Amino acid sequence: MIQTFPIHAYEVDERGRLTALALCNYLQELAARHAVELGVGKWAMEKEGLVWVLAKLRVQVHRWPLWSEGEVEIETWPSVIERLLAYREFRIRDTEGAIIAEATSQWVLIDLERRRPVRVPEHVEALLAGTPERDVAGPSPRLRPLKAATKTRAFPVRRFDVDINGHVNNARFAGWVVESVPDDVWTGKSLRTLDIQFKAETFYPGTVASALQPSEEVGTFQHALRDEDGTVLVLAQTQWT
């Protein structure tokens with residue numbers, strides 16, 4: 001599936017570049033629309049007592065598009081299914097057709113009653129049969145809990161952070177991860193890779209703490225999001241150049 005997304009003025013940063021939050025929203029929107037088109041979308045799965053949940057996302061950015069460019073084109077396809085995991089790939093192109101970013105995602109089906117992951121049913125797997133090309137954004141690193149956070153920022157959960165599934169949207173988590181980097185990194189560098197693992201859900205009202213720890217590799221940071229009870233919601237890694 002291919003769809004064009006207009007870049008709105010409210011989706012760019014102070015340098016006029018598309019934000020990571022906006023890009024993650026685009027990816028989520030396209031994945032949801034394609035799942036519906038394939039017959040495995042939200043409403044079809046709810047009839048079976050199931051819901052899709054994003055488990056992992058890796059985004060690799062070669063160049064961030066500008067508001068002045070007007071739009072980006074995103075292509076998505078399901079690649080493979082491995083037991084509990086359904087893989088979906090993305091390619092983002094500018095108006096000249098050049099690939100400016102890629103993303104790889106892993107999804108699981110959750111039993112709505114037990115709130116537990118289940119194996120992808122055979123009939124769903126048949127509908128998702130797609131292109132075997134996978135991991136277009138490259139292999140994801142192993143994400144580990146932080147040993148000692150050097151910076152923590154608290155974000156209140158607002159009503160607008162909650163999505164149609166009743167919990168905080170995964171794109172909002174990604175935004176809180178990226179926004180926690182030091183000011184000199186935010187203003188002087190560009191996000192090149194975002195690896196994020198979603199481990200638990202959280203709800204309104206509440207507060208999410210975004211903790212950060214620099215890695216030995218220059219420009220690389222480890223991240224963790226926790227709720228008010230200390231539950232780890234997200235583990236992540238970002239790389240900036």
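Predicted model only: the values in this text are computed from it and were never measured. Computation of the quantities below employed the complete heavy-atom set of this structure, encompassing side-chain atoms and omitting hydrogens, waters and symmetry-equivalent molecules.
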Once you round to the nearest 0.5 Å, how far does CD of Glu102 lie from CG of Asp135? 11.5 Å
Checking side-chain contact (heavy atoms from CB on, under 4.5 Å) for the pair Asp94/Arg63: CA distance, chi angles, key distance, verdict? CA-CA 9 Å; Asp94 62 18; Arg63 182 181 71 80; 3.1 Å; yes
Look at Arg33 together with Glu29 and state whether they make a salt bridge at an N to O cut-off of under 4.0 Å. yes
If you count every heavy atom of other residues, nucleotides or ligands that lies below 6.0 Å from Asp184 atom CG, does the total exceed 12? yes
Step by step, would you call Trp176 with Asp161 a side-chain contact (heavy atoms from CB on, under 4.5 Å)? CA-CA 11 Å; Trp176 290 335; Asp161 298 326; 3.6 Å; yes
Closest heavy-atom pair and its distance - Phe90, Leu27: CE2-O, 3.5 Å
Just do the side-chain contact (heavy atoms from CB on, under 4.5 Å) check on Leu66 and Val12 with the steps written out, would you? CA-CA 8 Å; Leu66 301 171; Val12 300; over 6 Å; no
Any donor-acceptor pair under 3.5 Å linking the side chain of Thr104 with the backbone of Val136? yes
To the closest 0.5 Å, what do you measure between CZ (Phe221) and CG (Leu191)? 11.0 Å
If you define the side chain from C-beta out and look only at heavy atoms, does anything of His34 sit under 4.5 Å from Gln3? no
Main chain of Gly230, side chain of Asp227: is a donor-acceptor contact present, judged purely on distance under 3.5 Å? yes
Quick one, Trp52 and Leu109 - any side-chain contact, counting heavy atoms below 4.5 Å? yes
Ignoring hydrogens and angles, tell me if any N or O in the side chain of Arg58 forms a donor-acceptor pair with the backbone of Ala137 under 3.5 Å. yes
Any idea which heavy atoms bring Gln237 and Pro141 closest together, and the distance? NE2-CG, 3.7 Å
When you check the side-chain N and O atoms of Asn169 and Gln28, is any donor under 3.5 Å from an acceptor? yes
Determine the minimum heavy-atom distance between Cys24 and Leu57, stating which atoms define it. SG-CD2, 4.0 Å
Mind jotting down which residue pairs meet the side chain to side chain donor-acceptor pair (under 3.5 Å) criterion with at least one end in residues 109-120? Sequence neighbours excluded, please. Arg115-Glu201
Shortest non-hydrogen contact between His223 and Leu212, atoms and distance: CE1-CD1, 3.6 Å
The side chain to side chain donor-acceptor pair (under 3.5 Å) partner of Thr76 among Arg91, Arg88, Glu89 is Arg88
Do other residues, nucleotides or ligands put more than 12 heavy atoms under 6.0 Å from Trp240 CH2? yes
Step through the shown structure and confirm whether more than 12 heavy atoms of other residues, nucleotides or ligands are within 6.0 Å of NZ on Lys199. no
Arg15 CZ: over 12 foreign heavy atoms closer than 6.0 Å: yes
Closest approach of Ala31 to Trp107 (non-hydrogen atoms, all atoms of both residues): CB-CZ2, 3.9 Å
Restricting to non-hydrogen atoms, name the atom on Arg93 and the atom on Ile99 that form the minimum distance, rounded to 0.1 Å. NE-CG1, 3.9 Å
Taking the inter-plane angle between the rings of Tyr10 and His8 on a 0 to 90° scale, is it parallel (under 30°), tilted (30 to 60°) or perpendicular (over 60°)? parallel
Look only at the side chain of Gln213 and the backbone of Lys147, and say whether a donor-acceptor pair between them is shorter than 3.5 Å. yes
